[in-house]
Chemist: 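The following block contains the structure, expressed as structure tokens.
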2 protein chains.
Amino acid sequence: MRHNAAMLELAILGFLHDAPQHGYELRKRIAALTGHVKPVAESTLYPAIKRLEKAGLLARRTQPGAGAAPRHVLTLTAEGHAELRRRLAHPADTDITDENRWFTLLAFLRHLDDPLAQAELLERRMAFLRRPSSFFYEGDRPLRAEEVEDPFRRGILTIARATSQAELSWLRRTLDTLRAATDD
Amino acid sequence: MRHNAAMLELAILGFLHDAPQHGYELRKRIAALTGHVKPVAESTLYPAIKRLEKAGLLARRTQPGAGAAPRHVLTLTAEGHAELRRRLAHPADTDITDENRWFTLLAFLRHLDDPLAQAELLERRMAFLRRPSSFFYEGDRPLRAEEVEDPFRRGILTIARATSQAELSWLRRTLDTLRAATDD
DNA sequence: CGGCAATACATCGTTCTCGATGTATCACGT
DNA sequence: ACGTGATACATCGAGAACGATGTATTGCCG
């Protein structure tokens, strides 16, 4: 499984769980989710849809196109639903650490109906964020923003720290809510 | 030029501008910069080095390995320096919008000695961050965190907003400094 | 009425990615 | 003496990414 492929496929499965829709529609949603950063080429999306169809995860039925060419409306199969849940419940480490993939996971995490499983993922992310790490090292020691003279590199570290803190505080709040929901 | 390839090559050129070094060393630096998120496979890095060597952007000289196998110490050629400056001065839009690529640019922006050219890039990024955009849309209207009920999707928007604000404030501060430096 | 943009999908070929595997050396523990 | 792990690089093959290009329809503007 190629790296972006996994993310793209998760997004396809997730959006189709939201609602059956055709490729062009999917493309726009994916462009918003992961692609206001880096657009998905059509020649990447359509083969991905075919892969998933061939794997029996989704089915297509052709509709006369509203306003244009005929549409292939895509629907998740039962296996598709199962596979989505599997991918949400047991993500690879990269899905936790890579921000793009993590956001993709988050976007569909509600489809994993179990609050405990959801909390488990948030805790994995929290553990990752708490591990001391940097973009720059001196030997093995991670450099903090204050130790870097280059203003641009310092900017990277400053921004990353702000993000990290915002996310940690969100994680704590959300974990509290999830735990409260589990308790009653 | 494949997408990741551009980023990887920029990182190689940039780190070699910092100091001549061998592939294994590069790999660790790149892993820290872009890869505490997603590690670079050796079978991706070494071919990339070869591409750049073949293009005349870097030269290698073999050294008896300290502690292990012989090293190929890599050095930027004159064309390598020129190419690095070219890539820093005229990045594609994706380099501005994709956070990973933007951070890679930032990491080496100091090598673009001209403060005006540096400021120009920061302004492009600022313009991108100020454009209203979201991860989720209702029709054409970007949804704000408050309008999303799903706590996980709301988290995405909350975190993204915090990041965006931290970065904008850093951008403003840094642009002021750059302009002050230009004025005298 | 002509052209252009948007909708909607498809194919092709080049280039890149990456896991698997291999080779070789040194350090360190046991 | 032996295995393990780190250092350091290389090759191969399957598969994925993407730009270019094509096809077809509808709607709108001038």
Side-chain angles (χ1 to χ4, degrees), chain A residues 1-12 15 20-31 34-35 37-55 58 60-74 92-94 98 100-101 139-140, chain B residues 1-12 20-31 34-35 37-55 58 60-74 92-95 98 100-101 139-140:
Chain A
M1 177 79 62
R2 212 43 88 273
H3 258 82
N4 292 336
M7 194 166 84
L8 178 57
E9 292 179 6
L10 181 64
I12 293 171
F15 279 126
Q21 58 200 285
H22 53 97
Y24 204 77
E25 178 91 32
L26 270 176
R27 189 176 177 249
K28 283 191 289 185
R29 287 191 209 268
I30 294 171
T34 64
V37 133
K38 170 166 151 349
V40 193
E42 300 197 343
S43 48
T44 305
L45 175 62
Y46 289 115
I49 290 174
K50 276 190 188 159
R51 281 201 301 277
L52 295 174
E53 193 189 5
K54 215 165 113 184
L58 53 87
R60 73 171 74 196
R61 59 199 146 84
T62 304
Q63 262 188 359
R71 292 167 167 178
H72 301 288
V73 176
L74 308 168
D93 279 343
T94 342
D98 181 341
N100 290 307
R101 301 186 71 175
D140 275 344
Chain B
M1 174 80 60
R2 211 41 88 276
H3 258 81
N4 292 336
M7 194 165 82
L8 178 57
E9 293 180 5
L10 181 63
I12 294 171
Q21 56 200 286
H22 53 97
Y24 204 77
E25 178 92 31
L26 269 178
R27 187 175 177 251
K28 284 191 288 185
R29 286 191 209 269
I30 292 171
T34 65
V37 133
K38 169 166 155 345
V40 193
E42 299 197 344
S43 46
T44 304
L45 175 62
Y46 289 115
I49 290 173
K50 276 191 186 158
R51 279 201 301 278
L52 295 173
E53 193 189 7
K54 216 164 112 184
L58 53 86
R60 73 171 73 198
R61 57 200 148 82
T62 304
Q63 262 187 358
R71 293 167 165 180
H72 300 288
V73 177
L74 308 167
D93 278 344
T94 341
D95 296 322
D98 181 341
N100 289 308
R101 302 186 70 178
D140 275 345

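Naming convention: chains lettered A, B, ... in sequence-line order (proteins, then strands); numbering from 1 in each chain.
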Chemist: Donor-acceptor pair, B:Asp95 side chain versus B:Ala92 backbone, under 3.5 Å?
Modeler: yes
Chemist: Exactly one of B:His22, B:Arg60, B:His72, B:Arg27 should register a side chain to side chain contact (heavy atoms under 4.5 Å, CB included) with B:Ile49. Which one does?
Modeler: B:Arg60
Chemist: Extract from the structure each pairing of a protein N or O with an N or O of nucleotides 9-12 of chain C at less than 3.5 Å, listing the distance.
Modeler:
unit_1: C:dC9; atom_1: OP1; unit_2: A:His72; atom_2: N; d: 2.7
unit_1: C:dC9; atom_1: OP2; unit_2: A:Gly23; atom_2: N; d: 3.2
unit_1: C:dC9; atom_1: OP2; unit_2: A:Tyr24; atom_2: N; d: 2.7
unit_1: C:dC9; atom_1: OP2; unit_2: A:Tyr46; atom_2: OH; d: 3.3
unit_1: C:dC9; atom_1: N4; unit_2: A:Glu42; atom_2: OE1; d: 2.8
unit_1: C:dA10; atom_1: OP1; unit_2: A:Arg60; atom_2: NH1; d: 3.3
unit_1: C:dT11; atom_1: OP2; unit_2: A:Lys50; atom_2: NZ; d: 2.4

Chemist: Can you tell if the side chain of B:Ile12 reaches within under 4.5 Å of the side chain of B:Leu58, non-hydrogen atoms only?
Modeler: yes
Chemist: Using side-chain contact (heavy atoms from CB on, under 4.5 Å), reason through B:Glu42 and B:Tyr46 one step at a time and then give a plain yes or no.
Modeler: CA-CA 6 Å; B:Glu42 299 197 344; B:Tyr46 289 115; 3.9 Å; yes
Chemist: Counting N and O atoms only, with roles assigned by atom type, does the side chain of B:Thr34 sit under 3.5 Å from a partner on the main chain of B:Ile30, one being a donor and the other an acceptor?
Modeler: yes
Chemist: In this structure, how many angstroms lie between the P atom of C:dC18 and the CG atom of A:Asp98, rounded?
Modeler: 11 Å
Chemist: Find the distance between CG (B:Leu26) and CG (B:Leu8) and round it off to the nearest 0.5 Å.
Modeler: 9.0 Å
Chemist: What integer distance in Å separates A:Lys28:NZ from C:dT7:C1'?
Modeler: 8 Å
Chemist: Please report the distance, rounded to the nearest Å, between CG in B:Asp93 and P in D:dG19.
Modeler: 13 Å
Chemist: Return the CG to CE distance between B:Asp98 and B:Met7, rounded to the nearest 0.5 Å.
Modeler: 6.5 Å
Chemist: In whole Å, what is the span from the CZ atom of B:Arg51 to the C1' atom of C:dC16?
Modeler: 7 Å
Chemist: What is the distance, rounded to the nearest whole Å, between atom CD1 of A:Ile30 and atom P of D:dC18?
Modeler: 12 Å
Chemist: How large an angle, rounded to 10°, do the end axes of the helix from C:dC1-D:dG30 to C:dT30-D:dA1 enclose when each is built from five base pairs?
Modeler: 30°
Chemist: Under 4.0 Å, counting only non-hydrogen atoms across every strand here, what does A:Arg27 touch: a base, just sugar-phosphate, or nothing?
Modeler: nothing
Chemist: Stepwise, does the side-chain hydrogen bond (donor to acceptor under 3.5 Å, both in side chains) test hold for B:Gln21 with B:Arg71?
Modeler: CA-CA 9 Å; B:Gln21 56 200 286; B:Arg71 293 167 165 180; over 6 Å; no
